[in-house]
Amino acid sequence: MDLRLEVKHICKQTGARYGILHTPHGQVEVPMFMPVGTLATVKYISPEELEDINSGVILSNTYHLWLRPGEDVVENAGGLHKFMNYKGPILTDSGGFQVFSLSENRKIEEEGVTFKSHLDGSKLFLSPEKSIEIQNKLGADIIMSFDECPPYPVTHEYMKNSVERTLRWAARGKANHKNKNQALFGIVQGGEFQDLRKISAEETVKIGFDGYAIGGTSVGEDKETMYKMIDYCIDYLPKDKPRYLMGVGSYDSIIEGVVRGIDMFDCVLPTRIARHGALMTSEGRLNIRDKKNEYDLRPIDEGCDCYTCKNYSRSYLRHLYRCKEGLGQRLLSIHNLRFLIRLMEEIRIAIKEDRLGDFKEDFFERYGLNEKNPKGF
RNA sequence: GCGGUAGUGGCGAAGUGGUUAACGCAUCUGGCUGUGAACCAGACAUUCGUGGGUUCGAUUCCCAUCUAUCGCC
């Protein structure tokens with residue numbers, strides 16, 4: 001297995017880690033943010049543009065690619081990298097999140113999950129073994145255990161059963177993992193329950209994985225609860241393996257996560273809200289569709305180095321958005337992605353200079369985030 | 001000039017003699033966290049061309065008037 005985390009520095013102020021993650025498709029620095037490209041494409045963004053924003057690892061999704069085009073089609077093309085022409089590292093999510101997001105049409109049993117296809121309504125069955133088998137064919141650098149991501153809130157009893165089942169699924173998945181060039185990550189669950197997070201973390205580590213993810217976050221709980229979910233389990237995760245906080249992409253939560261020792265984040269937030277006209281800026285949120293931007297010739301963010309900010313005005317971007325022109329969606333997505341990736345670059349420098357604590361304070365100050373306005377994104 | 005038809009928010013368009021006048025588009029504003037999402041939600045007509053009348057009550061009925069439109073001289 002070719003995945004290795006090289007921890008290079010620990011921030012003296014916060015304990016956050018800076019490191020290099022070595023993958024079969026090159027090395028990337030952590031902490032990092034990973035753009036999401038569910039259907040083997042980061043919506044509207046070409047691989048070349050991803051390289052320009054220094055994207056690093058990107059995500060794709062097992063459930064969705066399984067349904068369409070089918071893992072055999074991807075395998076036939078020589079794997080995901082060749083299929084979608086992305087040269088950097090790729091991570092595939094297991095489909096576990098779809099158990100949660102498609103909850104109206106699913107039945108969870110010990111053996112696996114029965115879904116109703118969202119495309120044609122046909123009955124489908126996904127198990128830990130099947131998920132790993134599909135991911136082996138897709139050929140990403142990092143693949144994920146098939147877990148259950150329970151909704152929030154849920155009773156302690158439900159969560160306990162779910163956590164235990166996810167552990168059994170993790171072991172089954174690992175046993176079925178055939179492509180040893182791919183790193184396999186386990187996923188810690190347990191909701192907001194301290195005891196279950198601890199058990200989930202310890203037992204997942206016992207099974208033994210190449211990296212560990214914290215799942216069950218960003219499912220409707222408030223931010224303080226989410227931070228607790230991290231605190232309850234992160235100390236049980238090995239220090240020499242990457243730690244991945246799943247589904248988190250608001251800039252304030254990313255900083256809070258890094259401070260707590262997280263190395264990897266992924267989220268649809270920057271791309272989705274960009275498609276819907278919302279932008280991340282150094283002064284907080286900007287809705288490009290708002291009338292105040294009609295005659296505004298400034299870029300989205302004066303300090304941003306992205307292609308969009310270097311070449312286009314708010315006035316023009318608002319026009320494109322309102323006309324539903326694809327170029328608008330693309331330029332806005334480029335900006336948000338670059339904004340977060342640049343934030344990670346700044347975070348890494350701050351860690352290396354032992355001043356992430358100051359960085360966090362300054363950042364929250366600058367973005368007007370405090371007890372009265374804890375929202376962030 | 002005569003006859004017919006129609007006049008409801010920026011536009012299109014329901015509707016009924018009786019509490020808050022559908023809906024669509026546009027506009028304005030929010031929200032989106034391991035993507036079933038170019039999505040979702042909210043706001044937006046003290047008022048139904050205008051002036052009278054009938055009625056307990058009229059956007060709905062009647063008269064007049066204006067405007068548009070069709071047909072005929």
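This one's a predicted model, so the numbers in the text were calculated from it and none came from an experiment. Every chain is numbered from 1 and lettered A, B, ... according to where its sequence line falls, protein lines coming before strand lines.
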- Task: Considering only atom C1', compute the distance from A45(B) to A22(B) and round it to an integer number of Å.
- Result: 13 Å
- Message: Is the distance between the ring centroids of Y251(A) and F339(A) under 6.0 Å?
- Response: yes
- Measure the distance between the ring centre of H276(A) and the centre of the six-membered base ring of C39(B), then answer whether it is under 5.5 Å with planes under 30°. yes
- Query: Using a cut-off of 4.0 Å on non-hydrogen atoms, how would the nucleic acid contact of R322(A) be classed: base, sugar-phosphate, or nothing?
  - Reply: sugar-phosphate
- Query: So does D147(A) reach the base of G34(B) with its side chain, donor to acceptor, closer than 3.5 Å?
  - Reply: yes
- Note on the structure: In whole angstroms, the gap separating C1' of A37(B) from NE2 of H64(A) amounts to 11 Å
- Note on the structure: Under a 4.0 Å heavy-atom cutoff, the residues of residues 290-305 of chain A touching RNA chain B are D290(A), K291(A)
- Query: So what does R318(A) hit on the nucleic acid, given a heavy-atom distance under 4.0 Å: a base, only sugar-phosphate, or nothing?
  - Reply: sugar-phosphate
- Charged N-O contact under 4.0 Å between E29(A) and K8(A): no
- Evaluation steps, salt bridge (Lys or Arg N to Asp or Glu O under 4.0 Å), between E133(A) and K178(A): CA-CA 8 Å; E133(A) 183 189 322; K178(A) 306 263 169 47; over 6 Å; no
- Between S117(A) and I273(A), just flag the one whose closest nucleotide in RNA chain B comes earlier from the 5' side. I273(A)
- Query: Considering only the C1' atoms, how many Å lie between C2(B) and C44(B), rounded to the nearest integer?
  - Reply: 44 Å
- Item | Protein-nucleotide distance (L39(A), atom CG; G36(B), atom P), rounded to Å | 9 Å
- Say you pick atom C1' in C63(B) and the same atom in C23(B); how far apart are they, in whole Å? 34 Å
- Message: Walk me through whether R342(A) and E345(A) qualify under salt bridge (Lys or Arg N to Asp or Glu O under 4.0 Å).
- Response: CA-CA 5 Å; R342(A) 194 162 52 88; E345(A) 291 170 358; over 6 Å; no
- Query: Considering only the P atoms, how many Å lie between C11(B) and U5(B), rounded to the nearest integer?
  - Reply: 25 Å
- Message: Measure CZ/R275(A) against P/A38(B) and give the value in whole Å, please.
- Response: 6 Å
- Indicate, with yes or no, if F100(A) and V113(A) share a hydrophobic cluster defined by side-chain heavy-atom contacts under 4.5 Å among Ile, Leu, Val, Met, Phe, Trp and Tyr. no
- Message: Just checking R168(A): does its CZ atom have more than 12 heavy atoms from other residues, nucleotides or ligands closer to it than 6.0 angstrom?
- Response: yes
- Message: On the nucleotide U33(B), are OP1 or OP2 found under 4.0 Å from the side-chain N or O atoms that S218(A) carries?
- Response: no
- Item | Min side-chain heavy-atom separation L269(A)-M280(A) under 4.5 Å | yes
- To the nearest Å, give me how far apart CZ (F33(A)) and C1' (G34(B)) are. 11 Å
- Message: Looking only at the side chain of Q189(A) (C-beta and beyond, no hydrogens), which of the listed nucleotides G36(B), G34(B), C32(B) gets closest?
- Response: G34(B)
- Item | Nearest-0.5 Å distance, CG of residue L237(A) to CD of residue E202(A) | 10.0 Å
- Item | Presence of N287(A) side-chain N/O under 4.0 Å of U29(B) phosphate oxygens OP1/OP2 | no
- Is atom CD of E157(A) surrounded by more than 12 heavy atoms (other residues, nucleotides or ligands) closer than 6.0 Å? no
- Task: Using the P atom as the reference point in each nucleotide, state the distance between G18(B) and C62(B) in Å, no decimals.
- Result: 15 Å
- Give the minimum heavy-atom separation between L331(A) and T308(A), together with the two atoms involved. O-OG1, 2.7 Å
- When we call it a touch if two heavy atoms are under 4.0 Å apart, what does Y44(A) touch: a base, just sugar-phosphate, or nothing? base
- Item | Spacing between M246(A) atom CE and U33(B) atom P, to the nearest angstrom | 15 Å
- Roughly, in whole Å, what's the span from NZ in K324(A) to C1' in C25(B)? 11 Å
- Restricting to pairs with a member in residues 10-33 of chain A, which pass ring-ring contact (aromatic ring centres under 6.0 Å, His included), not counting sequence neighbours? H25(A)-H81(A)
- Item | Rounded distance in Å between the P positions of G53(B) and U60(B) | 14 Å
- Item | Among U35(B), G34(B), C32(B), the nucleotide that comes nearest once only the side chain of L269(A) is considered | C32(B)
- Message: Using only modelled atom types and a 3.5 angstrom limit, is any donor from either the side chain of T271(A) or the base of U35(B) paired with an acceptor on the other?
- Response: yes
- Query: Under 4.0 Å: is that the gap between some side-chain N or O of Q98(A) and OP1 or OP2 of G36(B)?
  - Reply: yes
- Query: Expressed in whole Å, how much space separates the C1' atoms belonging to A26(B) and A68(B)?
  - Reply: 24 Å
- Query: Distance check: side-chain N/O of R272(A) vs OP1/OP2 of C39(B), anything under 4.0 Å?
  - Reply: no
- Query: Roughly, in whole Å, what's the span from CZ in F97(A) to C1' in U33(B)?
  - Reply: 8 Å
- K43(A) side chain: which of A37(B), U33(B), G34(B) is closest? A37(B)
- Which part of the nucleic acid, if any, lies within reach of S253(A) when heavy atoms closer than 4.0 Å are counted: base, sugar-phosphate only, or nothing? nothing
- F100(A) CZ to U35(B) P, in whole Å, measures 11 Å
- Message: Below the 4.0 Å mark, does G36(B) have OP1 or OP2 next to a side-chain nitrogen or oxygen of S101(A)?
- Response: yes
- Have a look at A213(A) and say if it touches a base, only the backbone sugar-phosphate, or nothing, with a 4.0 Å heavy-atom cut-off. nothing
- H177(A)/F209(A) aromatic ring centres below 6.0 Å: no
- Task: Examine G31(B): is either OP1 or OP2 under 4.0 Å from a nitrogen or oxygen in the side chain of R289(A)? Give yes or no.
- Result: no
- Message: Any carboxylate oxygen within less than 4.0 angstrom of a Lys/Arg side-chain nitrogen, looking at R338(A) and E49(A)?
- Response: no
- So what does L59(A) hit on the nucleic acid, given a heavy-atom distance under 4.0 Å: a base, only sugar-phosphate, or nothing? sugar-phosphate
- Message: What contact category does D266(A) fall into here, base, sugar-phosphate, or nothing, at under 4.0 angstrom with non-hydrogen atoms?
- Response: sugar-phosphate
- Item | Separation between the C1' atoms of C25(B) and G17(B), rounded to whole Å | 32 Å
- Task: Would you mind classifying the nucleic acid contact of G216(A) as base, sugar-phosphate or nothing, using non-hydrogen atoms under 4.0 angstrom?
- Result: base
- How does RNA chain B look in dot-bracket form if you count Watson-Crick and G-U pairs under 3.5 Å, write [ ] for pairs that cross, and put | where a base pairs with another strand? ((((((((.[[[..)..(....]]].(((((.......))))).....[[[[[..)....]]]]]))))))).
